[in-house]
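Inspection log for the structure reproduced underneath, given as C-alpha cells.
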Amino acid sequence: MISFSRQQHVFGQTITIALILANVFLFKSDLFGIILGVLWLWFNSRKLADVFAKNIHQGFKNLLGFLIILAYISLIYTIAYHLYEINWWVFLFILVTISSAVEILSFVNHSQHYFFSNLKFRPVNLSNIRKNILPVLAIALDILLIIGLEKNASFGIIRSPWELLGYKFWTTFILSNFFLILTLLDNKSQKNILLISFHFLVLSSIGIILYPLGFGYDSFIHGAVIKTIANTGTIEPRLFLYLGQYALTFFFSNLTNVDILAVNKWLMPILFSVIWPSSLFYGLRYGLNWPFKTSYLACLWSLAIGFNFAVMTTPQNLAYLFLAMIIFILPAINNGSINISFIWLISAMTMSIHPLGGIPLFWLSIFISIAKIKKYPILKKILWLTNAGLAILSLPFLFALYQKINSVSWENIFNINNPTINKF
C-alpha cells in the first residue's frame, strides 16, 4: 500500500501536467502519451472516488470517479462549442481545472488516498499456481484472438466480418470462453472484472481490427465532422447534438497524442469494455446481493442480448451505454449507496451526447428523485403523474423543436395528411 503527503500529490499533478504538455509539443509520442494519460486518469479517478464515493465498494468506486471526469469533459467542451470554439485552450483548461479541483476537494475533505492497497506478494505454491494458470490461459487465448483478427484483416469489400474468420478463430474463441468461465467459478477476486473487460474489448473490437479502413457508415460521417471541428474550432451550421461524445474524442486525442480518428474509432469499444461489466457486476453483487460467481457469470452472459452497438463509436451508441449503466446500478441507487447527484450528472452528460439516450435518462432521474421523497404522499403522487405525462410527450416535442430550428415549418412537422400516416 502506497500513500503520499499533500505536497507530494500537488507536486505529482504538476509534474504529470508538465510531461503531458511536453509530449504534446516536443516528444509527440503516442506510447508515452498513452502511458501519461492512463496514469493521470487513474490517479485522479481514484482521488475523486475517495472524495465522493467513500462508502462504495472498490469494484465500482474507481469507475465512478472516472465517470465524473468524463461528464466534466463532455459538458465543458459542449459549453465551449456553443459560446466560444473548440481548441487547444479548452483542453488545457480542463486538464488544469480537473487536477486543481481534485487536490482542492481532497484537501477540504481531508481525504486520504491509498494506492495499490490490494497488492500482495504471496509465496509460490501449488494452490497459487492452479488459481493463476486459468486466468493466464484465458488472457493468452484472448491475445491469440487479437493476433488472428489482425492476420485476417481485409482492405476489400466484405459483406460481413464473419466471412474472414475460419475454424481456428472459433476454436480459440470457445476455449477462451471455457477458461474464462472456469476462472470465474474458481475465483471470486475483484480482478475477475479485469479479465471480463479484456474479453469484452476483444469482442467489441472485431470490426475495427478486421476493417483497417473503417467500420460502419456512421463512423465516417462523425469522423469527418470531428476532423472539421478540430481544424476550424467549429462547424456550420452549429450542431445541437453529439458534442458530448465529440468532446471525449478531442480531449483524449490531445491527452495521449493519438490521432483523433483513431481515438474516435476505439472510444466506444474501450468504454463499453470498462463500463458495462463493472456496472452490471456492481448492481448485481452489491445492489441485489447476488453471489460473486453468479454476478460474474451474468456479466459474461449479458453479451447474449447483443453487443452490436458497442463495435462502432457513435453518439447514439455511447448514450445507450450510459443509459444501460444507470439501469444496471439502479438497485445500488435504491439502497442509497450511490448518491442521486451522480445520476443527474450522468444524465446531463448523456443529454449533451444524444437525446435518444439522454432524454429517457433525464426523466428517469426525476422519477428516482421523486421516489426518494419520504413524506407528503399526495404531492409525491402528483409529481409522479405529472412527470409521467411530460416524459411521454417530451421526445416527440423535442424532435419537432429540432426540426423547427432547422427551418422546417410547423405545418410540415405536424402534417396529419402525410401519406405515410394515412396508410394506417
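Quick caveat, the model's predicted, so the values are computed rather than measured.
Under the 4.5 Å side-chain criterion, counting only non-hydrogen atoms from C-beta, F155 is not in contact with Y211. The side-chain heavy atoms of Q245 and N264, taken from C-beta on, include a pair separated by under 4.5 Å. L379 is not listed as a side-chain neighbour of I373, based on a closest heavy-atom distance of 4.5 Å or more. F169 places a side-chain heavy atom less than 4.5 Å from the side chain of I206. Counting heavy atoms from C-beta outward, F11 and T14 have side chains that stay 4.5 Å or more apart. Residues V38 and T256 are not in side-chain contact: their nearest non-hydrogen atoms beyond the backbone lie 4.5 Å or more apart. Looking at I193 and Y296, their side chains come closer than 4.5 Å, going by heavy atoms from C-beta outward. Side-chain contact check for L182 versus L137: every heavy-atom pair is 4.5 Å or farther apart.
Judged by distance alone, the side chain of N87 and the main-chain N or O of G233 form no donor-acceptor pair under 3.5 Å. Using a distance-only test at 3.5 Å, with no hydrogens or angles considered, no donor-acceptor pair links the side chain of S347 to the main chain of I343. A donor-acceptor contact shorter than 3.5 Å is absent between the side chain of S176 and the backbone of T172. With hydrogens and angles ignored, the 3.5 Å screen pairs a side-chain donor or acceptor of D259 with a backbone N or O of L261. Looking only at distances, no side-chain donor or acceptor of S253 sits under 3.5 Å from a matching main-chain atom of F250. Although no hydrogens or angles enter the test, the distance criterion places no donor-acceptor pair under 3.5 Å between the side chain of S74 and the main chain of M349. Under the 3.5 Å distance criterion, the side-chain polar atoms of T313 are matched with a main-chain donor or acceptor of M268. Judged purely by atom type and a 3.5 angstrom limit, S205 uses its side chain to pair as donor or acceptor with the backbone of L201. Of the possible donor and acceptor atoms, one in the side chain of S197 sits under 3.5 Å from a partner among the backbone N and O of S273.
A 6.0 Å sphere centred on CH2 of W363 holds more than 12 heavy atoms belonging to other residues, nucleotides or ligands. The local environment of CH2 in W384 is sparse, with at most 12 non-hydrogen atoms from other residues, nucleotides or ligands closer than 6.0 Å. F178 CZ: 12 or fewer foreign heavy atoms inside a 6.0 Å radius. Residue K28 qualifies as enclosed at atom NZ: its count of foreign heavy atoms under 6.0 Å is above 12. K374 NZ: 12 or fewer foreign heavy atoms inside a 6.0 Å radius. At most 12 heavy atoms of other shown residues, nucleotides or ligands fall within 6.0 angstrom of atom NZ in K381. Within a 6.0 Å sphere centred on CH2 of W88, other residues, nucleotides and ligands contribute more than 12 heavy atoms.
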Between L356 and Y320, is the side chain to side chain contact (heavy atoms under 4.5 Å, CB included) condition met? List the steps. CA-CA 8 Å; L356 287 180; Y320 285 161; 3.9 Å; yes
Between L67 and I275, does a side chain to side chain contact (heavy atoms under 4.5 Å, CB included) hold up when you go through it step by step? CA-CA 9 Å; L67 290 168; I275 294 173; 3.8 Å; yes
Start with the C-alpha gap between N109 and S111, add the side-chain angles, then the distance that decides, and say whether side-chain hydrogen bond (donor to acceptor under 3.5 Å, both in side chains) holds. CA-CA 5 Å; N109 289 274; S111 299; 5.2 Å; no
Full working for side-chain hydrogen bond (donor to acceptor under 3.5 Å, both in side chains) between N317 and H354: CA-CA 9 Å; N317 291 347; H354 200 284; over 6 Å; no
Could you go through the side-chain hydrogen bond (donor to acceptor under 3.5 Å, both in side chains) check for N62 and S45 one step at a time? CA-CA 6 Å; N62 297 333; S45 297; over 6 Å; no
Criterion side chain to side chain contact (heavy atoms under 4.5 Å, CB included) on I260 and K227, from CA distance to verdict: CA-CA 7 Å; I260 195 167; K227 200 73 174 177; 4.0 Å; yes
Using the rule given for side chain to side chain contact (heavy atoms under 4.5 Å, CB included), can you reason through L105 versus F52, listing the C-alpha separation, both sets of side-chain angles and the distance that settles it, and then say yes or no? CA-CA 9 Å; L105 288 169; F52 293 110; 3.8 Å; yes
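Ring geometry, W170 versus F173: the interplanar angle exceeds 60°, so the pair is classed perpendicular (tilted spans 30 to 60°). Relative ring orientation between F292 and F281 is described as tilted, the plane-to-plane angle lying within the 30° to 60° band. Ring geometry for F91 against F251 counts as tilted: the plane angle lies between 30° and 60°, on a 0 to 90° scale.
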Under 3.5 Å, which donor-acceptor pairs do the side chains of residues 327-334 form with other protein atoms, sequence neighbours left out?
none

List the atom pairs, with distances to 0.1 Å, where a side-chain N or O of residues 302-311 and a protein N or O form a donor-acceptor pair under 3.5 Å, not counting sequence neighbours.
| from | atom 1 | to | atom 2 | distance (Å) |
| --- | --- | --- | --- | --- |
| S302 | OG | W276 | NE1 | 2.9 |
| S302 | OG | C299 | O | 2.5 |

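When each of F107, F43, F4 is paired with H9, the ring pair (Phe, Tyr, Trp, His ring centres under 6.0 Å) condition holds for F4 and for no other.
Residues L398 and I359 approach most closely at CD1-CD1, 3.1 Å, considering heavy atoms. Considering every non-hydrogen atom in both F179 and T183, the closest pair reads O-OG1, 2.8 Å. Residues P277 and I196 come closest through the heavy atom pair CB-CG2, 3.8 Å. Considering all non-hydrogen atoms of both residues, A153 and I209 come closest at CB-O, 3.3 Å. Residue A298 comes nearest to L284 through the heavy atom pair CB-CD1, 3.5 Å, listed as atom of the first residue, atom of the second, then distance. A pairwise comparison of heavy atoms in I353 and P315 identifies CG2-O, 3.1 Å as the closest pair.
Taking CD1 from I370 and CG from N387, the interatomic distance works out to 4.5 Å, rounded to the nearest 0.5 Å. Rounded to the nearest 0.5 angstrom, I69 CD1 and L48 CG are separated by 5.0 Å. Between the CG atom in D50 and the CD1 atom in I56 there is a gap of 11.5 Å [rounded to 0.5 Å]. Interatomic distance, CG of N44 versus CG of L95, reported as 8.5 Å (0.5 Å rounding). The distance from atom CG of L243 to atom CG of L75, rounded to the nearest 0.5 Å, is 11.0 Å. Expressed to the nearest 0.5 Å, how far CZ of F367 lies from NZ of K372 amounts to 15.5 Å.
Side-chain polar atoms of S29 and N23 form no donor-acceptor pair below 3.5 angstrom. When only modelled atom types and interatomic distance are considered, S341 and N339 share a side-chain donor-acceptor pair under 3.5 Å. Donor-acceptor pairing under 3.5 Å is recorded for the side chains of H113 and S106.
The aromatic ring centres of F272 and F200 sit less than 6.0 Å apart. The aromatic ring centroids of W266 and F252 lie 6.0 Å or more from each other.
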